[in-house]
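Report on the following structure.
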Amino acid sequence: MERAIAYLRVSTQRQQRSGLGLDAQRTAIERFAASESLTIAAEYVEAESGKGADALDRRPQLAAALAAAKAAKCSVVVAKLDRLSRDVAFVAGLMAQRVPFIVAELGRDADPFMLHLYAALAEKERRLISERTKAALAAKKAAGAALGNPRNLARAGDLGRTALLESADKFAQNLVPVVLAIRLEGATTLRAMAAALTRRGIKSPRGGTWHPSSVANLLSRSESFL
């Protein structure tokens, strides 16, 4: 049976102590490994931010996972791409290590080009969210609004709903390459596409398996990108 090295990451020491996020990552990796007949030879867990040009230097567990994978001549498996990084340059640097990476959420068919594409989309999304947040806070402050005032909660709720809609659109856009690949493989019905997405280990927007209705919603949101 083919072996692989598992890598899990949370952003803070507090999250590591609480296990927040680690169990979900471990479950996703184990489920993916079982479906792909992979044996997890070792697991490396990190509590460190993925930001910064020196991110790899601050992530000794990732360096150890790379070394272990090189020695065993196998792949490193992560639950989601953002557990590596949302930074394109960082992902490119990892690809240069000549260690194959498998992202359980994207499936084994996600080659380095697709990983770069997803990282670019994630990096742009992070930057846009940061810019919109700063601009909104600056505008409210300039208008004399007291930030954190309870009377701003309604407005905050509106912004939250808008952010959710934007997040759903981004989710659909990020899956465009996968949808195209599935169609090329011959899956043309909603049921067949739902089965293909679930088989690849990709979670639906609600974190579960895909159904024809959820695929229909995905296609509706992503039709402008297809």
Side-chain angles (χ1 to χ4, degrees), residues 1-8 21-40 74-86 88 91 94-95 99-126 128 161-226:
M1 185 177 285
E2 183 182 350
R3 293 183 298 171
I5 302 297
Y7 175 73
L8 297 77
L22 290 178
D23 288 340
Q25 291 178 57
R26 187 173 291 112
T27 298
I29 290 174
E30 290 175 350
R31 184 183 297 118
F32 176 80
S35 68
E36 296 291 334
S37 298
L38 293 174
T39 297
I40 301 302
C74 65
S75 302
V76 173
V77 181
V78 296
K80 300 176 65 176
L81 182 59
D82 64 7
R83 294 308 82 201
L84 290 176
S85 179
R86 293 187 181 92
V88 177
V91 172
L94 290 179
M95 297 300 106
V99 173
F101 281 91
I102 301 175
V103 180
E105 184 182 45
L106 303 179
R108 298 195 70 168
D109 294 333
D111 58 21
F113 171 76
M114 290 182 65
L115 295 183
H116 280 81
L117 176 62
Y118 281 118
L121 291 171
E123 181 180 300
K124 182 177 181 181
E125 179 182 11
R126 183 184 64 191
L128 290 176
R161 284 186 287 275
T162 299
L164 285 175
L165 290 174
E166 291 178 350
S167 178
D169 288 338
K170 286 294 182 182
F171 178 82
Q173 183 179 354
N174 288 346
L175 282 183
V176 165
V178 180
V179 171
L180 292 175
I182 288 174
R183 283 180 170 176
L184 288 174
E185 292 170 359
T188 56
T189 66
L190 294 178
R191 188 172 299 279
M193 295 178 71
L197 286 166
T198 300
R199 190 165 54 249
R200 287 170 180 246
I202 299 174
K203 299 292 186 181
S204 71
R206 294 188 176 184
T209 58
W210 289 85
H211 301 283
S213 59
S214 52
V215 174
N217 291 334
L218 172 68
L219 294 177
S220 176
R221 288 188 175 278
S222 60
E223 61 182 1
S224 62
F225 305 107
L226 292 171

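A quick note: this is a predicted structure, and the numbers were derived from the prediction, not measured. Just so you know, residue 1 is the first one in the sequence shown, and it goes up from there.
- The line from CD1 of Ile182 to CE of Met193 is 6.0 Å long, rounded to the nearest 0.5 Å.
- Closest of all the heavy-atom pairs between Val103 and Ala79 is CG1-O, 4.0 Å.
- The line from CG of Leu81 to CD of Glu105 is 8.5 Å long, rounded to the nearest 0.5 Å.
- Here salt bridge (Lys or Arg N to Asp or Glu O under 4.0 Å) pairs that include residues 186-197, with residues two or more places apart or in two chains, number zero.
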Exercise. When you look at Leu8 and Arg83, which way does the side-chain contact (heavy atoms from CB on, under 4.5 Å) test go after all the steps?
Worked result: CA-CA 7 Å; Leu8 297 77; Arg83 294 308 82 201; over 6 Å; no
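- In this structure, Cys74 SG and Glu2 CD are separated by 8.0 Å, a value rounded to the nearest 0.5 Å.
- Salt bridge present: Arg200 and Glu185 bring a charged side-chain N and a carboxylate O closer than 4.0 Å.
- Distance alone, capped at 3.5 Å, is enough to place a donor-acceptor pair between the Thr198 side chain and the Trp210 backbone.
- Side-chain atoms of Ser35 come within 3.5 Å of backbone atoms of Phe32 as a donor-acceptor pair (strictly under, hydrogens ignored).
- In this structure the side chain of Leu197 reaches within 4.5 angstrom of the side chain of Leu218, judged on heavy atoms.
- Between Val215 and Leu190, the closest heavy-atom pair is CG1-CD2, 3.7 Å.
- The CG atom of Leu38 sits 12.5 Å away from the CD atom of Glu30 when rounded to the nearest 0.5 Å.
- Residues Ile5 and Ile40 have side chains not in contact (no heavy-atom distance under 4.5 Å, counting atoms from C-beta outward).
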Exercise. Could you walk me through whether Leu84 and Tyr7 pass the side-chain contact (heavy atoms from CB on, under 4.5 Å) check?
Worked result: CA-CA 9 Å; Leu84 290 176; Tyr7 175 73; 4.3 Å; yes
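- One finds the CD1 atom of Ile202 at 13.0 Å from the OG1 atom of Thr209 (value rounded to the nearest 0.5 Å).
- No more than 12 heavy-atom neighbours from other residues, nucleotides or ligands sit within 6.0 angstrom of CZ on Arg3.
- Using a 4.0 Å cut-off between charged side-chain N and carboxylate O, Arg199 and Glu36 make no salt bridge.
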